[in-house]
Chemist: 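Structure incoming, see below.
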There are 2 protein chains.
Amino acid sequence: MNEPDLSSRQLRAFVALAETRNFTRAAARLHLSQPAFSALIRALEEAVGARLFDRSTRHVEPTVEGALFLESAQRLLRDLSLSVADLGEHVARRRGRVALAALPALAAGWLPPLLAAFRARYPDIELDVADALSEGCVERVRAGHADFALAAVRASAPELLAQPFCSDGFHLVCPRTHALARRDTVRLRDLAGEPFIHLARTSSVRQRVESALGPGAPALRPVMELEQLSTVAGMVRAGLGITVVPALTLFHFEHPDLVTRPVDAPGLRRQIYSIRRRDRSLSIAAQALFDELLAHRPVLRET
Amino acid sequence: MNEPDLSSRQLRAFVALAETRNFTRAAARLHLSQPAFSALIRALEEAVGARLFDRSTRHVEPTVEGALFLESAQRLLRDLSLSVADLGEHVARRRGRVALAALPALAAGWLPPLLAAFRARYPDIELDVADALSEGCVERVRAGHADFALAAVRASAPELLAQPFCSDGFHLVCPRTHALARRDTVRLRDLAGEPFIHLARTSSVRQRVESALGPGAPALRPVMELEQLSTVAGMVRAGLGITVVPALTLFHFEHPDLVTRPVDAPGLRRQIYSIRRRDRSLSIAAQALFDELLAHRPVLRET
DNA sequence: CGATCTTACGGGATTCGTAAACATA
DNA sequence: TATGTTTACGAATCCCGTAAGATCG
């Protein structure tokens, strides 16, 4: 079929005329002069190829075909209005969805109050948080399952864009009774020879620690490799060794028997990136959350 | 809510861009230069208040909100297309409905073949025929139950418009053996003293006959008053009397024992009118049938 | 004759296409 | 560098409002 060009204004004019049965009043409703309104109706009739009104100078009323089209026009306008309003709801952040992937270190301590505040402010935005290790976070973004991620790897695919988000320094964790517990800060070389509890090799923390302890650095004395930080805490409390972890994970070690001390080692910082698809903007809801998180990102003192 | 002005062209442009993900090709699809097309998209984004596309010089794709709106836009365009197409069906007389009221005299003999032809030509136009006496016909039009009527009264309400449709002369009906059967035409005065079979007083035929036989006209000799013309035919065949009826009803009297002869009486004609609402045009379907009936209206010789 | 729709027309805004500038892979 | 989008700009078009004309009750 042919596809005439209609504007919503024409439909509104048509409905107004059908309802008022009076050009002058209908024109006023549209804030138009009456001749301009008349032209609008004429153009509509030409576009659809049918007379829609019987008009004399005294009487205006829809033809049979006009009455038929009136229902269509009203429905079309209502649907249009709903569609635009729905879009507006998203723009106004009253509807939408954000899928976020974050490192467990962030997801456990720093994130929850921010999410709670976000939810209070935008109660109808659906939230989907995944806590995963860095690789998993990145993969979720790449696959489109997450809008953005906060993870500790710079990138892993060309279509992704990583931007520095925050960085945190590393801290020694040792029993309160340990000799190092008396110092305010410790240096890497202070750790030489101490029994050291490592995280698994897949962990980004472990990798960062090992790369900082490059050749020439004091050798650690590994005594075990664990997966979970809470296990590490238990081991340290039991006096089986010490460890070094990023500041963001220190909440695992809040215990009377344990102390934490910043490690004074320039370059030993873990960088956390925000990761998103390069050529796809964040949805309005996702952008809102991202802005919020960025505004409240962890402030961690330099070394 | 506010109600932005959108045109179907904008929606089509939007859909084309979402589908092709390429301004140049989408512009070509709309037969527009690419900058003009670009402006169309920009205007749409401003109208709905949301960015709908992420575009770089190398990549164009809908934003999350654009993808959301795409479904709306496609549905809106489809609905619009259906509505306009439906209206077009009526204009093309492939759909519609006609309600017609006609005198039994017309409905029985003259109308059926015309309706059959109309139905063959426009098989999907719904037909609704009512046969009624003139008053009933007019009332149906007045109440909106019929689009137009063919009846023998001029008008009965100010909102109705009656236009001459056709007129038919009156004919004597008598047995073949009757003395008057030998004449080619008869005059009113020839009927004087003959036993005369009247129709009921409510019939327009009876009224017309009586008004023609005004004061000074030869007195008839009424022998009965019947409702149905077929009964009249039987009575005349049985030799109980003669009668005078309009030409259009002569099919009731086609019988070997009967003859019909024109009554040569100036002014003794029954006028039949088309009757419709004054300030409401006929629907396209009704107008089509009306035109057809008018083109084939009964041609009845002048007296 | 008064109310109301249509036509006529001049001015202003919109929209178009060409050409140049700009951006990205 | 090549492809593709945006910006710039002059010209054609469209649309609006005022005023005059036409028509019906």
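In the text below, chain A, chain B and the rest are named by the order of the sequence lines, each starting its count at 1. Every value quoted in this text rests on a predicted model; they were computed, and no experiment measured them.
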Chemist: So which of B:Arg297, B:Arg121, B:Arg93 actually passes salt bridge (Lys or Arg N to Asp or Glu O under 4.0 Å) with B:Glu292?
Modeler: B:Arg121
Chemist: Give the nucleotide from the list C:dT24, C:dT6, D:dT5 with an atom nearest to the side chain of A:Phe23.
Modeler: C:dT6
Chemist: When you match B:His59 and A:His31 each to their closest nucleotide on DNA chain D, which lands nearer the 5' end?
Modeler: B:His59
Chemist: Going by the angle between their ring planes, with limits at 30° and 60°, are A:Phe23 and A:Phe37 parallel, tilted or perpendicular?
Modeler: perpendicular
Chemist: Quick one: A:Ile41 CD1 to D:dC16 P, roughly how many Å, whole number?
Modeler: 12 Å
Chemist: Taking atom types as they are modelled, is there a donor-acceptor pair under 3.5 Å from the base of D:dT5 to the side chain of B:Thr57?
Modeler: no
Chemist: Roughly how many Å is it from CG in A:Asp279 to P in D:dT5, rounded to a whole number?
Modeler: 14 Å
Chemist: Could you state the CG-P distance from B:Asp54 to D:dG4, rounded to the nearest angstrom?
Modeler: 19 Å
Chemist: Please report, rounded to the nearest Å, how far the P atom of C:dC5 is from the CZ atom of A:Arg51.
Modeler: 14 Å
Chemist: What I want to check is whether an N or O donor and acceptor connect the side chain of A:Arg58 with the base of D:dT23 at under 3.5 Å.
Modeler: no
Chemist: Nearest whole angstrom, please: distance from the C1' of C:dT7 to the CZ of A:Arg42.
Modeler: 8 Å
Chemist: Please report the distance, rounded to the nearest Å, between CD in B:Glu61 and P in D:dG4.
Modeler: 16 Å
Chemist: With no hydrogens and no angle check, just 3.5 Å: does a side-chain donor-acceptor pair link A:Tyr273 and A:Arg154?
Modeler: yes
Chemist: Do the side chains of A:Arg95 and A:Asp86 get close enough for a salt bridge, i.e. N-O under 4.0 angstrom?
Modeler: yes
Chemist: When the distance from CD of B:Gln34 to P of C:dA21 is rounded to whole Å, what number comes out?
Modeler: 17 Å
Chemist: Applying a 4.0 Å non-hydrogen cut-off, can you work out what B:Leu32 is touching in the nucleic acid: base, sugar-phosphate, or nothing?
Modeler: sugar-phosphate
Chemist: With a 4.0 Å cutoff (strictly under), does any side-chain N or O of A:Arg55 reach OP1 or OP2 of C:dT6?
Modeler: yes
Chemist: Can you tell me if A:Ser33 touches the phosphate of D:dT18, counting only side-chain N or O atoms and a distance under 4.0 Å to OP1 or OP2?
Modeler: no
Chemist: Using OP1 and OP2 only, check whether a side-chain N or O of B:Thr24 sits under 4.0 Å from D:dT5.
Modeler: yes
Chemist: Does a salt bridge link B:Arg42 with B:Glu45, judged by any charged N lying under 4.0 Å from a carboxylate O?
Modeler: no
Chemist: Of the candidate nucleotides D:dT5, C:dT4, C:dA8, which contains the atom at the shortest distance from the side chain of A:Asn22?
Modeler: C:dT4
Chemist: For A:Leu44 and D:dC15, give me the distance from atom CG to atom P, rounded to whole Å.
Modeler: 13 Å
Chemist: Does B:Arg9 place a side-chain N or O at less than 4.0 Å from the phosphate oxygens OP1/OP2 of C:dC16?
Modeler: yes
Chemist: Go nucleotide by nucleotide along DNA chain C from the 5' end; which of B:Pro35 and A:Arg278 gets its closest nucleotide reached first?
Modeler: B:Pro35
